[in-house]
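First comes the structure, then the notes that go with it.
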Protein chains: 2
Amino acid sequence: MNVEFDRPKRVRLVDIAEKVGVSRRSVSAVLLGTGGSRVSVGEEKAKEIQRVAKSMGYQPNLAARQLVGKRSHTFGLLVASAGDPLRSFLIQHLDEEAAAHGNRTLIGNTVVAPDRFDKNVQLFTNSGVDGVLCAVHNWLPGDRLALLTQHPCTVFYEDPGIRDACFVSVDRAGAIHQATRHLIERGRQRIGLALTAKSKRSQKDRLRGYKQALSESSLKYEPELVFYASPKHKDAYARHDVDSLKWSFPEAVIDDLIQRIVIDQSADAIIAQDDYWAATLIKRLHRSGIRVPDDISIVGYLNHYLTDFTAPALTTIDLNHMAAAKEMVSMLEKMISGDSLPLEQRQVLVQPKLIQREST
Amino acid sequence: MNVEFDRPKRVRLVDIAEKVGVSRRSVSAVLLGTGGSRVSVGEEKAKEIQRVAKSMGYQPNLAARQLVGKRSHTFGLLVASAGDPLRSFLIQHLDEEAAAHGNRTLIGNTVVAPDRFDKNVQLFTNSGVDGVLCAVHNWLPGDRLALLTQHPCTVFYEDPGIRDACFVSVDRAGAIHQATRHLIERGRQRIGLALTAKSKRSQKDRLRGYKQALSESSLKYEPELVFYASPKHKDAYARHDVDSLKWSFPEAVIDDLIQRIVIDQSADAIIAQDDYWAATLIKRLHRSGIRVPDDISIVGYLNHYLTDFTAPALTTIDLNHMAAAKEMVSMLEKMISGDSLPLEQRQVLVQPKLIQREST
DNA sequence: CTGAAAGCGCTTACAG
DNA sequence: CTGAAAGCGCTTACAG
């Protein structure tokens with residue numbers, strides 16, 4: 001079919017008011033729910049307004065509503081990138097949840113250039129967003145405090161390290177605790193734990209869950225079984241190539257991990273930093289003739305769809321991004337509509353869940 | 001640090017006009033570039049306006065600009081879902097490109113419910129987007145014609161089947177042509193081609209490229225080497241589970257493919273439908289004791305980061321989503337600023353590129 | 001360059 | 001319920 005390239009004239013509130021023969025205010029009350037409880041429109045009239053609005057294809061002008069101080073029903077969504085492999089499910093769920101609550105989502109990529117985080121914050125301000133959801137990794141640049149100052153209604157994924165900030169976090173200690181227990185139940189005795197930096201809170205949490213599970217089973221905690229990526233491993237984290245806009249994953253660090261934990265320490269299980277570490281581990285172990293799970297069990301962390309494609313399929317910890325997204329949007333809605341959230345409701349912990357497949 | 005939860009008062013155009021002691025019009029001209037060429041502000045004054053605007057943290061109110069008919073600098077981006085595994089790179093690149101041209105991106109998920117496509121089109125209308133980028137798979141529901149009618153400035157990824165519509169497409173015939181030639185050069189003689197439906201244009205294109213490469217090398221085209229997913233294979237396509245919001249990939253169809261093409265027809269190579277088919281193929285072949293690439297070569301289609309995690313790493317065709325995204329945004333910008341695009345510029349073909357890894 | 005005014009499409013407060 | 005008016009922050013056309 002052929003399509004005409006004319007910009008269609010939009011129907012306005014006043015157009016349908018004139019057509020029905022009522023005031024704009026009545027139309028506004030019926031269609032947009034404005035005016036509080038003061039306005040009472042007869043049921044007959046209300047129905048007619050609805051009917052005419054529908055037949056004329058009325059769509060309220062959001063810019064106009066926004067200008068008079070109504071909610072924009074727009075959320076800013078800060079992400080590393082729309083295709084962020086570690087958080088693409090989270091991003092998707094956040095967007096779904098926002099939409100389910102009647103909001104639009106303005107997506108802001110931050111990973112392409114160091115100043116993009118702050119630029120997007122400005123943009124969100126211009127755009128008059130009601131609130132911001134921040135799913136950017138803490139290890140990426142960006143002024144979180146400025147974000148919070150400009151947009152008090154902001155909910156983070158993971159603790160941004162700002163006092164009283166609202167955030168949702170996965171129970172990392174609980175996650176590793178589950179994984180460790182699972183491995184112990186499967187008869188593993190020398191369980192390795194792969195971490196990045198020693199000083200990071202997230203990594204300390206994981207270590208805590210690990211130690212606790214060991215002690216509950218009266219197993220000795222051996223520091224030699226904990227692997228830390230050394231500073232020379234620049235590829236310890238997922239990285240984003242700015243030119244191709246593609247993500248890449250650790251490689252060399254994995255061989256080091258195999259040498260130090262699997263070979264030197266005779267580990268019979270590894271809890272990996274994430275599913276990508278785990279997938280690479282499986283590949284490299286396979287090349288060295290070490291069998292998974294016969295010789296060694298591997299547990300991932302995330303539950304990306306990648307886990308179905310490793311051979312064997314990866315047992316992993318599902319970080320429950322759907323629950324996290326629901327919590328984040330729910331918190332944000334509360335902050336926007338009500339007053340500020342009481343302190344004890346500003347930090348929500350989401351429970352992860354172990355998914356057993358074939359690698360353990 | 002503690003954060004105050006007050007909504008900050010935004011600086012307006014008039015505020016900085018008063019501060020500097022000039023008219024709003026001058027400020028508008030200097031800061032927003034309005035008023036055409038009529039307005040001439042002295043260089044001194046202009047600099048002072050810039051300085052004061054910066055010091056006061058002025059941010060133009062986009063809703064107000066939009067209301068008086070200026071561009072909203074907002075694009076609608078229709079996607080299956082933000083985490084769409086087949087197009088997440090495309091989505092990311094589209095967003096990047098839009099931002100690079102100074103636009104905001106309103107993301108619209110469509111896969112959660114059948115009416116979401118059309119709902120999002122309405123939403124885009126309300127939001128006053130300048131144009132729409134549609135990256136939704138053609139096999140998903142949604143009224144493309146209504147989209148095009150409401151938003152004449154729309155660019156599709158892949159031909160939506162509407163006359164004169166603007167779209168960017170990958171050269172599918174060229175892609176399969178490259179893959180086939182590559183396999184022939186590597187000494188393969190019985191090259192299988194895995195397709196979905198016989199009647200789909202996209203699949204016919206692939207077949208064309210396949211046949212052409214064969215005939216160029218004087219190889220006989222054998223229809224038995226072409227696999228079509230039968231209607232019973234409901235899992236031939238990537239599917240999105242509405243409850244978990246997660247995607248899943250074909251499984252059973254792959255075993256059928258192995259039986260019919262690899263075993264019955266003794267294929268020594270397979271060009272898969274996409275990287276997911278290819279990854280699953282590699283896994284299943286491995287279980288059957290068929291070695292890749294010793295016994296059979298496998299080529300994927302997409303170049304997802306998944307390809308690095310298969311064992312062996314997957315040779316695949318990079319669909320060049322970055323180039324596609326650049327083209328799409330460039331077309332859209334032209335449509336928005338100028339008049340309608342001449343017919344011959346409405347359909348752009350992007351060239352894919354074979355990436356050799358280990359599976360061939 | 002300036003000021004004063006009108007208008008974009010809505011909501012709200014006001015007087016009936 | 002109504003109409004007439006003011007205002008949100010901007011741009012534009014108008015008269016100087």
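Below, chain A is the first sequence line, B the second, and so on; all start at residue 1.
The phosphate of C:dT11 has OP1 or OP2 within less than 4.0 Å of a side-chain N or O from A:Ser28. Residue B:Lys70 places no side-chain N or O under 4.0 Å from the OP1 or OP2 atom of C:dC8. Using a 4.0 Å cut-off, no side-chain N or O of B:Arg65 falls inside it from OP1 or OP2 of D:dC10. For D:dC10, the OP1/OP2 oxygens have a side-chain nitrogen or oxygen of B:Tyr58 closer than 4.0 Å.
Judged by closest nucleotide on DNA chain C, B:Lys45 is the one of B:Lys45 and B:Ala64 placed further toward the 5' end.
Atom CG in B:Leu67 sits roughly 17 Å away from atom P in D:dG7 (whole-Å rounding). Atom CG in A:Leu62 sits about 18 Å away from atom P in D:dG9, given to the nearest Å. As rounded to whole Å, 16 Å separates atom P of C:dG9 from atom CG of B:Asn61. As a whole-Å value, the separation of B:Leu13 CG from C:dC8 C1' is 16 Å. Separating the CG atom of B:Leu31 from the C1' atom of D:dG9 is a distance of 14 Å, rounded to the nearest angstrom. As rounded to whole Å, 17 Å separates atom P of C:dC14 from atom CZ of A:Arg24. B:Asp15 has its CG atom 8 Å from the P atom of D:dC10, to the nearest Å. We find that CD of B:Gln66 is positioned 16 Å from C1' of C:dG7, with the value rounded to whole Å.
Here the straight-line distance linking atom OG of B:Ser23 with atom CG of B:Leu13 works out to 9.0 Å at 0.5 Å rounding.
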Dot-bracket line, read 5' to 3' along DNA chain C, where crossing pairs take [ ] and | marks a partner on another strand, Watson-Crick or G-U under 3.5 Å = |||.||||||||.|||

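Side chains of B:Thr125 and A:Gln59: no donor on one and acceptor on the other come within 3.5 Å. With 3.5 Å as the limit, one finds a donor-acceptor pair spanning the side chains of B:Glu333 and B:Asn103.
Under the 3.5 Å distance criterion, the side-chain polar atoms of A:His151 are left unmatched by any main-chain donor or acceptor of A:Leu147. The main-chain N or O of B:Phe75 is never found under 3.5 Å from a side-chain atom of B:Asp130 such that the two would form a donor-acceptor pair.
With B:Phe117 as the aromatic partner, B:Arg144 meets the cation-pi criteria of under 6.0 angstrom to the ring centre and within 45 degrees of the ring axis.
With hydrogens and angles left out, the side chain of A:Arg25 and the base of C:dT11 share no donor-acceptor pair within 3.5 Å.
Nearest nucleotide to the side chain of A:Val68, out of C:dC10, C:dG3, C:dC8: C:dC10.
Of all non-hydrogen atoms in A:Ala53 and A:Ile16, the two that sit nearest each other are CB-CD1, 3.8 Å.
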